[in-house]
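What follows is a single structure, written as structure tokens, with notes after it.
Keep in mind that this is a model prediction, so the values were computed, not measured.
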Amino acid sequence: MDAQGVEKFSEFYERWMRQLEGHLRMLLVAPPQQHSGEADFRPIVNKLTAHHKEYYRIKWASAQNDALPFFAPEWLSPLENAYLWVTGWKPSLAFRLVESLKEARSESGSSLAGLSEDQVRGIEALRVRIKAEEERVEREMERQQVAMADRRMVELARLDGDAAEVEVEGALRGLVAGMEKVMKMADCVRLKTMKGVLDVLSPMQCVQFLAATSMMQIQMRKWGKVTNKML
């Protein structure tokens, strides 16, 4: 992704975050109790999940042929970059968030404090599956990193001249393609985690979970901007 592509995605990300703030306001005004039925929460949940899917659709399109900028994104603050896991949030964070909401006192209005036994088992089974997939992504990431020191790359590093440059460019294209593969693997785990958690929770619980995740992302961005000013 060239400089123009980075600038274009940066603009998209700023716009996407502003829209996320708008969705968060909508989630926060949703009543904690809904006498007409929890189905009324579905449109809110669907709207926000569609918003997240749009992010990954644009991200993958922008990363085509060059995913490297997403491993050190210029559109994020150093604080946000410090908490990245393979270009995004770590899926297991979602389970810690569910646990935190579950431990909240009932009077706080958190319906996740009342998770059923079936829901608890469902979340735990999903957590185990996602942990295994996280480890698979990390192994692939390690494999890509180690590939930089394989015999062919070492031999190419010793070469000089135009012919060598052509060979090096070909090898680097392979490395970049490998990093794009790892990025998409990680994004798929993120999407699978979000879908899995939302499938276990009730519509009202989904609203509270999505509000918490959105608030964390928005606040992290705000804190990142504050630290930039302090440096």
**Asked** Going through the distances and angles, do Asp187 and Lys184 end up as a salt bridge (Lys or Arg N to Asp or Glu O under 4.0 Å)?
**Response** CA-CA 5 Å; Asp187 285 346; Lys184 289 184 176 180; over 6 Å; no
**Stepwise side chain to side chain contact (heavy atoms under 4.5 Å, CB included) test for Trp85 and Leu93** = CA-CA 11 Å; Trp85 178 83; Leu93 176 66; over 6 Å; no
**Message:** Apply salt bridge (Lys or Arg N to Asp or Glu O under 4.0 Å) to residues Glu11 and Lys8 and explain how you reach the verdict.
**Reply:** CA-CA 5 Å; Glu11 292 172 354; Lys8 186 176 180 181; over 6 Å; no
**Message:** Apply side chain to side chain contact (heavy atoms under 4.5 Å, CB included) to residues Ile58 and Trp16 and explain how you reach the verdict.
**Reply:** CA-CA 11 Å; Ile58 299 298; Trp16 188 86; over 6 Å; no
**Item:** Worked verdict on Gln205 versus Leu115 for side chain to side chain contact (heavy atoms under 4.5 Å, CB included)
**Value:** CA-CA 9 Å; Gln205 290 169 337; Leu115 286 177; 3.7 Å; yes
**Request:** Assess whether side chain to side chain contact (heavy atoms under 4.5 Å, CB included) is satisfied between Lys192 and Arg129, documenting all intermediate values.
**Result:** CA-CA 10 Å; Lys192 187 179 296 185; Arg129 292 197 302 273; over 6 Å; no
**Request:** Could you walk me through whether Lys90 and Glu138 pass the salt bridge (Lys or Arg N to Asp or Glu O under 4.0 Å) test, one step at a time?
**Result:** CA-CA 11 Å; Lys90 191 166 187 177; Glu138 289 169 351; 3.6 Å; yes
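Between Glu142 and Arg139 there is no salt bridge, since no side-chain N of the basic residue sits under 4.0 Å from a carboxylate O of the acidic one. Under 4.0 Å is where a charged nitrogen must lie from a carboxylate oxygen, and between Arg143 and Glu140 at least one such pair does.
Closest heavy-atom contact between Met183 and Ala67: SD-CB, 4.0 Å. For Thr193 against Ala94, the heavy-atom pair with the smallest separation is CG2-CB, 3.8 Å. Heavy-atom minimum distance, Gly224 versus Ser77: CA-OG, 3.2 Å. Residues Val45 and Cys206 come closest through the heavy atom pair CG2-CB, 3.7 Å. Minimum interatomic distance between Ala212 and Leu101 (heavy atoms only, all atoms of both residues): CB-CD1, 4.0 Å. The two residues Gly196 and Leu126 have their closest heavy-atom pair at C-CD2, 3.4 Å.
Counting heavy atoms from C-beta outward, Leu84 and Pro73 have side chains that approach closer than 4.5 Å. Proximity of Trp75 to Phe70: side-chain heavy atoms (C-beta onward) are separated by under 4.5 Å at one or more points. Arg127 has its side chain within reach of Glu124: a pair of non-hydrogen atoms, C-beta onward, lies under 4.5 Å apart. Taking the side chain as every heavy atom from C-beta outward, Met185 and Lys181 approach each other to under 4.5 Å. Annotation: side chain of Asp66 is not in contact with side chain of Asp2 (no heavy-atom distance under 4.5 Å). Two residues are said to be in side-chain contact when any heavy atoms from C-beta on lie closer than 4.5 Å; Glu134 and Val137 fail this criterion.
Atoms CG and NE2, from Leu191 and His52 in turn, are 10.0 Å apart once rounded to the nearest 0.5 Å. Summarising the geometry, atom CZ belonging to Phe12 is positioned 7.5 Å from atom OG belonging to Ser62; distances are rounded to the nearest 0.5 Å. The structure places CE of Met215 at 4.5 Å from CG of Leu28, a figure rounded to the nearest 0.5 Å. Atom OG of Ser214 sits about 4.5 Å away from atom CG of Leu48, to the nearest 0.5 Å. Rounded to the nearest 0.5 angstrom, His23 NE2 and Leu210 CG are separated by 11.0 Å. Atoms CH2 and CD, from Trp89 and Gln217 in turn, are 9.5 Å apart once rounded to the nearest 0.5 Å.
The number of heavy-atom neighbours closer than 6.0 Å to CD of Glu135, taken from other residues, nucleotides and ligands shown, is above 12.
Take Lys222 and apply the side chain to side chain contact (heavy atoms under 4.5 Å, CB included) test, not counting sequence neighbours, and it matches Glu21, Ile218, Gln219.
The backbone N or O of Val200 lies less than 3.5 Å from a partner atom in the side chain of Gln119, making a donor-acceptor pair. Between the side chain of Glu133 and the main chain of Ile130, no donor-acceptor pair closer than 3.5 Å is present.
The stretch residues 69-82 participates, sequence neighbours left out, in these salt bridge (charged side-chain N to carboxylate O under 4.0 Å, His left out) pairs: Glu80-Arg221.
Side-chain atoms of Thr87 and Lys59 form a donor-acceptor pair, as typed in the model, at a separation below 3.5 Å.
Under a 4.5 Å side-chain heavy-atom criterion applied to ILVMFWY residues, the cluster that includes Trp223 comprises Leu79, Tyr83, Met220 as well.
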